[in-house]
K.L.:
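Here it is: the structure, laid out below.
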Amino acid sequence: MMARDPALKPYRIAVYCVYGLFCGVLFAQLLRSVIGDLYGRQPATAAQESPTACLEDVQRLWDQLSARAVQPAPGGIETDALAREWDSWSRRWEDEVDAVSSRCKLDSPTDAASRSLSGALDGIEDLRRRLSRSGEDASEDARRVKDSLADARRQLGLK
């Protein structure tokens, strides 16, 4: 093995120092990022939407629910497909309600328009719950009728 030239020793030390400094900065950035994610960097808050945009979002939710209200009962009469579809739609819709509520800060309204929108959103959610319950009731009534008809067929000896 060839001996290193002693004249280049200061350059080698400088390169080692620059490399060590680079690795140190990289490690410090990684450590800062991990600690920040774990221990409480405040989440970036999105700017509050304008009242007009919030009104349009709440109106859109109302329109979706109104369209949904005229569809068959969520519990379904003959199959469970309607119940599964209602459940899937209901979950997506609840996520949209939560998103609108957080974007427009309707959990803690500050002005009269926000309070009105918050009340409207609460009313829309209450209506969705009521529609869900009435659909379950209608489905239960339909099942009772279907069971009674099946009993009557069986008692009459019909298939």
K.L.:
Do the side chains of Asp63 and Arg60 get close enough for a salt bridge, i.e. N-O under 4.0 angstrom?
P.N.:
no

K.L.:
Using ring-ring contact (aromatic ring centres under 6.0 Å, His included) as the criterion, list what pairs up with Trp89, not counting sequence neighbours.
P.N.:
Trp86, Trp93

K.L.:
Listing request: all salt bridge (Lys or Arg N to Asp or Glu O under 4.0 Å) pairs with a residue in residues 108-127, at least two apart in sequence or in separate chains.
P.N.:
Glu125-Arg128, Glu125-Arg129, Asp126-Arg129

K.L.:
Can you tell if the side chain of Asp151 reaches within under 4.5 Å of the side chain of Arg154, non-hydrogen atoms only?
P.N.:
yes

K.L.:
To the nearest 0.5 angstrom, please state how far the OG atom of Ser114 sits from the CG atom of Leu121.
P.N.:
11.5 Å

K.L.:
Quick one: name the residues clustered hydrophobically with Leu8, using the 4.5 Å side-chain heavy-atom rule over I, L, V, M, F, W, Y, and just say none if it's on its own.
P.N.:
Tyr11

K.L.:
Consider only side-chain heavy atoms of I, L, V, M, F, W and Y, link residues closer than 4.5 Å, and tell whether Val34 and Leu31 are in one cluster.
P.N.:
yes

K.L.:
So do Glu96 and Leu61 actually touch side chain to side chain, heavy atoms under 4.5 Å?
P.N.:
yes

K.L.:
If you look at every heavy atom in Leu106 and Ser118, which pair is closest and at what distance?
P.N.:
O-OG, 3.0 Å

K.L.:
Drop me the distance from Ser33's OG to Leu38's CG, to the nearest 0.5 angstrom.
P.N.:
9.0 Å

K.L.:
Between Ser116 (side chain) and Ala112 (backbone), is there a donor-acceptor pair under 3.5 Å?
P.N.:
yes

K.L.:
I need the Gln59 CD to Ser66 OG distance, nearest 0.5 Å.
P.N.:
8.0 Å

K.L.:
Search all heavy atoms of Val100 against all heavy atoms of Asp57 and return the closest pair with its distance.
P.N.:
CG2-CB, 3.8 Å

